[in-house]
Novice: 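Take a look at the following structure, please.
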Amino acid sequence: MKRTHGCGDLRIEHDGQTAVLAGWVNTFRDQGKGLVFIDLRDRSGISQIVFDLEDCDDETVETARSLRREDVVAVRGLVRPREGKANEKLATGSIEIMGQAVEVLNRTDNPPILPDDHEAEKISEEVRLTYRYIDLRRPRMQEIMRIRHDLARITREYFDQQGFLEIETPLLIKSTPEGARDFIVPSRIYPGQWYALPQSPQIFKQILMVSGCDRYLQICKCLRDEDPRADRQAEFTQIDLELSFVDRDEVLDIMEGFMREVFNRILKEDLGDIPKMPWSEAMDRYGSDRPDLRFDLELQDISEIAGRTDFRVFTEALAKEDGVVKAIRVPGAADSFSRKITDGYAEIAKMHGAGGLPTVKYTANGFETGIAKFLGDIGDDLVSALGLEHGDAVLFAADTRELANTSLGAVRLQVARDQDLIPAGVYRALWVVDFPMFKWDEDNKRWASEHHPFTAPRADQLEILESDPGGCLSDGYDFVVNGSEAGGGSIRIHNPEVQKKVFSLLNLSDEEAKMKFGFLLDALRFGAPPHGGIAFGLDRLVMLLAGTDNIRDVIAFPKTQNGGDLMSQAPGPVDDAQLEELQLEVVEQPDT
RNA sequence: GGGGCGGUAGCUCAAUUGGUUAGAGUCCUGGACUGUCGAUCCAGUGGUUGCGGGUUCGAGUCCCGUCCGCCUCGCCA
């Protein structure tokens with residue numbers, strides 16, 4: 001029997017046609033000796049097959065009666081309107097296939113789980129990942145894989161039209177000192193020497209610019225040996241891009257066009273206005289370098305007003321270098337903010353380094369609870385500064401600017417979730433620009449790259465690169481959607497002298513830099529064009545497009561939090577002979 | 001590496017203060033049923049309570065260790 005249609009393809013206009021479907025038995029309903037219903041499922045959907053003694057022979061009905069969930073069968077039959085009621089839950093619900101012949105292509109063992117979207121929400125992820133081949137049969141997983149495919153296809157179409165070439169870069173490369181922990185691979189030919197798997201193709205794509213490639217695209221795997229999270233895997237996929245002879249705004253224009261195309265074609269959503277927001281503004285207003293613009297709850301600086309109280313939490317914070325007092329007005333939250341809830345927010349604030357989270361409610365009786373008694377003289381000014389109305393609550397952060405921003409920013413996110421302020425089906429994008437070049441690494445007492453060591457300082461910042469590294473702004477940019485960093489990149493350094501200065505600020509000696517990045521420094525000396533680029537996190541984009549907060553949902557064969565694959569049981573041991581060939585020996589870890 | 005939650009039948013869960021033979025639904029097996037669609041009804045099979053130790057007359061339950069899964073802090077240029 002040769003398949004003629006997909007299980008989700010048949011409609012009332014196919015009435016009278018003979019069709020052959022093949023797929024998995026989704027459910028069966030055995031009505032007795034003479035009548036059996038089979039819901040047959042494939043990638044395209046589900047069709048109801050009915051076997052009736054009046055329409056086919058005993059043997060066919062008996063075979064049909066023997067079918068169980070997830071058996072694989074082919075069925076030939078006549079398409080006709082349903083004799084019983086139509087099933088509005090199915091796209092094919094107005095028709096059924098009057099089964100004439102059935103061929104069992106493969107029986108299944110009793111399946112440990114069923115590919116049912118409703119069940120899947122209850123089944124532990126551990127079991128789903130162990131039997132991933134069954135889990136992936138679910139309509140929802142098939143839909144996500146389709147979205148992922150569409151994104152990859154649109155990516156190639158769009159950037160092809162923009163003159164980009166898809167070029168592969170190596171997987172076995174040299175380990176680089178900066179950044180995440182490398183996965184390493186032993187060299188057989190040079191025992192004791194190692195390759196690293198790429199954390200990103202960064203250096204290679206820059207060298208492709210030096211090579212005159214002009215515009216590069218790659219959908220590539222990146223590997224970082226760090227602990228995973230709900231939105232992070234050690235092995236993930238980037239849409240990696242680099243362009244020559246461009247400035248920042250030309251890059252942003254092209255990339256913005258890409259994002260609009262993706263959201264238009266996959267979600268039928270118009271991204272609307274996409275503002276460019278300096279990093280310092282994002283931190284000050286939202287307490288995050290990836291602000292979620294779907295709701296307000298902006299951080300407001302009330303340092304001037306707060307400085308007029310005797311409240312020690314405020315005055316001591318303001319006495320610090322770059323100390324501030326900031327506040328969030330939470331409209332109408334006075335009633336719902338129980339002690340338990342605000343204590344929870346205080347925990348979040350503390351987790352992000354704040355000492356606590358002063359809170360107050362503003363009602364018809366004025367300020368109540370929390371730090372109300374300390375606000376006596378400044379109450380009226382606070383009301384007008386924050387635009388308070390009766391029934392509002394106010395959350396404060398008093399600390400250095402950085403700590404106040406980040407702790408209050410984290411609280412802002414949780415408050416928005418709790419107060420149900422995040423609208424569904426809304427996508428708000430922005431560019432965050434003008435990042436600092438460096439952040440101070442307190443542990444190692446040195447400057448570290450905010451983005452990566454190849455990010456160019458903004459042209460107007462070159463003169464303070466060495467005199468004031470902490471204040472120097474870069475030509476970097478992040479694309480942020482709904483509070484999620486979907487992509488990030490920069491204009492790169494194309495001048496070897498500037499690159500050397502940056503390495504030296506990062507405390508990389510000339511010798512080290514030469515050993516680790518010598519080939520890049522060399523390339524920059526032989527006619528490097530101005531260039532810049534970006535990388536989008538493909539997995540995170542699919543998460544956004546599919547509306548899931550679990551990255552494992554958008555990866556066909558993901559790894560667990562311990563980096564294991566429950567289906568294939570990776571990682572695992574290797575033969576002694578393999579180790580011998582590599583001149584490797586496994587040494588027992590001494591007890592500690 | 002730290003913190004939190006969890007692991008009992010193939011799957012989802014229950015099991016009182018530590019106390020009789022560890023139960024239910026579902027799946028599966030057998031039977032009934034000619035318009036079902038989460039089919040229904042009847043009967044039955046199914047257990048290393050993650051693993052290893054300990055306390056106890058007695059441990060799913062308490063203690064110690066360990067493995068696994070999820071969330072999270074550190075980490076993720």
Side-chain angles (χ1 to χ4, degrees), chain A residues 26-39 46-55 61 65-66 68-70 82-90 92-93 96 98 108-114 116-131 134-135 176-182 199-200 202-203 222-234 236 347-348 350-353 410 435 437-439 441 443 447-455 474 476 485 488 490 502-503 506 508 516-517 535 537 549-550 552 559-564 566 569 592:
Chain A
N26 194 59
T27 52
F28 64 96
R29 293 176 293 280
D30 184 350
Q31 293 294 121
K33 290 227 155 42
L35 190 66
V36 181
F37 295 96
I38 300 290
D39 287 348
I46 293 176
S47 277
Q48 173 170 285
I49 323 283
V50 56
F51 293 95
D52 191 325
L53 258 189
E54 292 171 6
D55 305 313
V61 172
R65 288 195 77 193
S66 75
R68 290 296 176 268
R69 292 180 139 195
E70 302 310 308
R82 288 221 179 171
E83 198 167 291
K85 267 193 308 191
N87 184 344
E88 287 172 10
K89 291 183 210 157
L90 291 181
T92 61
E96 63 189 358
M98 197 170 74
T108 178
D109 283 356
N110 186 20
I113 59 172
L114 290 169
D116 182 296
D117 285 331
H118 301 291
E119 302 264 326
E121 286 167 22
K122 292 187 285 179
I123 297 174
S124 74
E125 200 173 4
E126 196 172 350
V127 178
R128 287 173 39 208
L129 289 178
T130 305
Y131 302 99
I134 300 176
D135 192 46
T176 51
E178 295 281 314
R181 189 181 295 117
D182 282 324
Q199 298 176 27
S200 84
Q202 182 62 33
I203 293 176
C222 300
L223 300 112
R224 298 176 186 175
D225 190 3
E226 301 290 352
D227 289 357
R229 287 286 186 282
D231 62 348
R232 207 168 83 193
Q233 286 260 300
F236 64 103
E347 270 313 303
I348 294 174
K350 284 178 191 166
M351 219 157 66
H352 287 80
F435 282 83
M437 278 289 286
F438 308 103
K439 59 191 170 213
D441 177 350
D443 291 342
W447 293 104
S449 292
E450 171 74 28
H451 185 43
H452 60 52
F454 318 111
T455 299
S474 81
E485 183 194 326
S490 60
V502 169
F503 282 152
L506 294 173
L508 268 178
K516 302 292 186 182
F517 304 115
D549 52 11
N550 179 351
R552 295 178 297 278
K559 292 187 173 52
T560 66
Q561 197 125 156
N562 282 338
L566 295 176
Q569 295 283 291
T592 47

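Letters A, B, ... are given to chains in the order of the sequence lines, protein chains preceding strands, and every chain is numbered from 1. Quantities reported herein were computed from a predicted structural model and do not represent experimental measurements.
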Novice: If we take the C1' atom in both B:rA43 and B:rG53, what is their distance in whole Å?
Specialist: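 My reading of the C1' atoms in B:rA43 and B:rG53 gives 43 Å.
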Novice: Would you indicate, yes or no, if B:rG69 has its OP1 or OP2 atom less than 4.0 angstrom from a side-chain nitrogen or oxygen of A:R552?
Specialist: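 No, because none of the side-chain N or O atoms of A:R552 sits under 4.0 Å from OP1 or OP2 of B:rG69.
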Novice: Applying a 4.0 Å non-hydrogen cut-off, can you work out what A:T455 is touching in the nucleic acid: base, sugar-phosphate, or nothing?
Specialist: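 Answer is nothing: A:T455 stays at 4.0 Å or more from every strand.
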Novice: Can a cation-pi geometry be assigned to A:R68 and A:F28, taking NZ or CZ under 6.0 Å from the six-membered ring centre and within 45° of the ring axis?
Specialist: yes
Novice: Considering only B:rC11, B:rC27, B:rG35, which nucleotide approaches the side chain of A:V127 most closely?
Specialist: B:rC11
Novice: Using a 4.0 Å heavy-atom cut-off across all strands, classify A:E125 as base, sugar-phosphate, or nothing.
Specialist: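 A:E125: backbone/sugar contact only, no base atoms under 4.0 Å.
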Novice: Could you pick out which residue, A:P453 or A:A230, lies toward the 5' side of RNA chain B when each is mapped onto its nearest nucleotide?
Specialist: A:A230
Novice: Nearest to the side chain of A:I123, heavy atoms from C-beta on, is which of B:rG74, B:rU12, B:rG35?
Specialist: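 For the A:I123 side chain, the nearest candidate turns out to be B:rU12.
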Novice: Taking CG from A:N26 and P from B:rC27, how many angstroms apart are they, rounded to a whole number?
Specialist: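 Between P of B:rC27 and CG of A:N26: 13 Å.
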Novice: Is there a donor-acceptor pair under 3.5 Å between the side chain of A:E119 and the backbone N or O of A:L114?
Specialist: no
Novice: Report the nucleotide, chosen from B:rC11, B:rG35, B:rC75, that has the shortest atom-to-atom distance to any side-chain atom of A:D52.
Specialist: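 So the side chain of A:D52 is nearest to B:rG35.
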Novice: Where the side chain of A:R232 is defined as all heavy atoms beyond and including C-beta, which of B:rU34, B:rG74, B:rC11 is the nearest nucleotide?
Specialist: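 My answer, after comparing the listed nucleotides, is B:rG74.
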Novice: How are the rings of A:F503 and A:F454 set to each other: parallel, tilted or perpendicular (split at 30° and 60°)?
Specialist: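 Judged by the thresholds at 30° and 60°, the geometry between A:F503 and A:F454 is perpendicular.
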Novice: Choose from B:rA39, B:rU34, B:rG35 the nucleotide whose nearest atom is closest to any side-chain atom of A:E54.
Specialist: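 Shortest atom-to-atom distance from the side chain points to B:rU34.
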Novice: For A:A448, report the nucleic acid contact type (base, sugar-phosphate, nothing); a contact means any heavy atom under 4.0 Å.
Specialist: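 A:A448: no heavy atom of the nucleic acid under 4.0 Å.
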Novice: Using a heavy-atom cut-off of 4.0 Å across all strands, would you classify A:Q202 as base, sugar-phosphate, or nothing?
Specialist: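 Touches a base.
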Novice: Under 4.0 Å between a side-chain nitrogen and a carboxylate oxygen: does that hold for A:R232 and A:D227?
Specialist: no
Novice: Under the criterion side-chain contact (heavy atoms from CB on, under 4.5 Å), I'd like the reasoning laid out for A:E126 against A:L566: C-alpha separation, chi angles, the key distance, then a yes or no.
Specialist: CA-CA 8 Å; A:E126 196 172 350; A:L566 295 176; 3.9 Å; yes
Novice: Would the distance check show the side chain of A:R224 and the main-chain N or O of A:Q199 forming a donor-acceptor pair, the cut-off being under 3.5 Å?
Specialist: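 Side chain of A:R224 to backbone of A:Q199, a donor-acceptor pair under 3.5 Å: yes, one is there.
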Novice: Can you tell me how far C1' in B:rC33 sits from the matching atom in B:rU17, rounded to whole Å?
Specialist: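 Between the two C1' atoms, the distance is 50 Å.
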Novice: Between B:rA39 and A:R29, is there an OP1 or OP2 to side-chain N/O distance shorter than 4.0 Å?
Specialist: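 Answer yes for this pair, as a side-chain N or O of A:R29 is under 4.0 Å from OP1 or OP2.
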Novice: Classify the nucleic acid contact of A:D116 as base, sugar-phosphate or nothing, counting any heavy atom under 4.0 Å across all strands shown.
Specialist: nothing
Novice: Send over the distance from A:R68 CZ to B:rU26 P, rounded to a whole Å.
Specialist: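 To the nearest whole Å, that distance equals 16 Å.
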Novice: Roughly, in whole Å, what's the span from CD in A:Q31 to C1' in B:rG31?
Specialist: 15 Å
Novice: OP1, OP2 of B:rG31 versus side-chain N and O of A:R65: anything below 4.0 Å?
Specialist: no
Novice: Without decimals, in angstroms, what is the distance between A:E347 CD and B:rG3 P?
Specialist: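 Rounded to the whole Å, the gap is 16 Å.
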Novice: Nearest-Å distance, CD (A:E96) to P (B:rU36)?
Specialist: 11 Å
Novice: In the structure shown, which nucleotide is the Watson-Crick or G-U wobble counterpart of B:rC70, with both distances under 3.5 Å?
Specialist: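 Matched B:rC70 with B:rG4 under the 3.5 Å cut-off.
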Novice: Using whole Å, what does the distance between atom P of nucleotide B:rU34 and atom CD1 of A:I49 come to?
Specialist: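 It works out to 21 Å between those atoms.
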Novice: Between B:rG58 and B:rU21, how far apart are the two P atoms, rounded to whole Å?
Specialist: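 Pairwise P distance, B:rG58 against B:rU21, rounds to 14 Å.
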Novice: Taking the side chain of A:D39 as its heavy atoms from C-beta onward, which of B:rU72, B:rC37, B:rU34 lies nearest to it?
Specialist: B:rC37
Novice: Tell which nucleotide pairs with B:rG58, taking only Watson-Crick or G-U wobble pairs whose two distances are both under 3.5 angstrom.
Specialist: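 Because no pair has both required distances under 3.5 Å, B:rG58 counts as unpaired.
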Novice: Mind checking if A:K85 touches a base, just sugar-phosphate, or nothing, with heavy atoms under 4.0 Å?
Specialist: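 Base, at least one base heavy atom under 4.0 Å.
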Novice: Using atom C1' of each nucleotide, how far apart are B:rU56 and B:rG10 to the nearest Å?
Specialist: 35 Å
Novice: Does the base of B:rU12 carry an N or O that pairs as donor and acceptor with the side chain of A:E119 under 3.5 Å?
Specialist: no
Novice: For B:rC28, take OP1 and OP2 only and decide whether either is under 4.0 Å from a side-chain N or O of A:R69.
Specialist: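 Negative; the distance criterion is not met.
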Novice: Provide the distance between the two C1' atoms, one in B:rC41 and one in B:rU36, to the nearest whole Å.
Specialist: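 Pairwise C1' distance, B:rC41 against B:rU36, rounds to 15 Å.
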Novice: NA contact type, A:S124, heavy-atom cut-off 4.0 Å: base, sugar-phosphate, or nothing?
Specialist: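 Touches sugar-phosphate only.
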Novice: With respect to the side chain of A:R229, which nucleotide from B:rC37, B:rC73, B:rC76 is positioned closest?
Specialist: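 Closest nucleotide to the A:R229 side chain: B:rC73.
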Novice: With rounding to whole Å, what would you report as the distance between B:rG35 and B:rG30 at their C1' atoms?
Specialist: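 Here B:rG35 and B:rG30 have their C1' atoms 25 Å from each other.
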Novice: Would you mind classifying the nucleic acid contact of A:P112 as base, sugar-phosphate or nothing, using non-hydrogen atoms under 4.0 angstrom?
Specialist: sugar-phosphate
Novice: When you compare B:rG31 with B:rC67, how far apart are their P atoms, in angstrom units rounded to a whole number?
Specialist: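 Roughly 49 Å separates the two P atoms.
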Novice: With a 4.0 Å cut-off on heavy atoms, is A:D225 in touch with a base, just the backbone sugar-phosphate, or nothing at all?
Specialist: nothing
Novice: Would you indicate which nucleotide in B:rC73, B:rC68, B:rU36 comes nearest to any side-chain atom of A:R82?
Specialist: B:rU36
Novice: Nearest to the side chain of A:Q561 - B:rU34, B:rU72, B:rC28?
Specialist: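 Looking only at heavy atoms from C-beta outward on A:Q561, the closest nucleotide is B:rU72.
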Novice: Heavy-atom nearest nucleotide on RNA chain B for A:Y131 versus A:S200: which residue maps closer to 5'?
Specialist: A:Y131
Novice: How far does CG of A:D441 sit from OG of A:S449, to the nearest 0.5 angstrom?
Specialist: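 A:D441 atom CG to A:S449 atom OG measures 11.0 Å (nearest 0.5 Å).
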Novice: Counting just side-chain N and O atoms, does A:K89 come under 4.0 Å of either OP1 or OP2 of B:rG38?
Specialist: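 Yes.
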Novice: Measuring only between side-chain heavy atoms, which start at C-beta, is A:E125 closer than 4.5 Å to A:N550?
Specialist: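 When only atoms from C-beta onward are counted, A:N550 and A:E125 do touch, with a gap below 4.5 Å.
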Novice: Say we look at B:rA24 and B:rG4: how far apart would their P atoms be, to the nearest angstrom?
Specialist: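 The same atom, P, in both gives a distance of 36 Å.
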Novice: May I have the distance from A:K439 (atom NZ) to B:rC76 (atom P), rounded to whole angstrom?
Specialist: 7 Å
Novice: Using both distances under 3.5 Å as the test, list the Watson-Crick or G-U wobble partner of B:rA43, or none.
Specialist: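 Partner of B:rA43: B:rU29.
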Novice: Does a side-chain N or O of A:N87 approach OP1 or OP2 of B:rU36 to a distance below 4.0 Å, or not?
Specialist: no
Novice: Could you state the atom-to-atom distance from NE2 of A:H118 to P of B:rG38 in whole Å?
Specialist: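 So the NE2-P distance, A:H118 to B:rG38, works out to 9 Å.
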Novice: Between CG of A:N110 and CD of A:E70, what distance do you get to the nearest 0.5 Å?
Specialist: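 Reported to 0.5 Å precision, the distance equals 10.5 Å.
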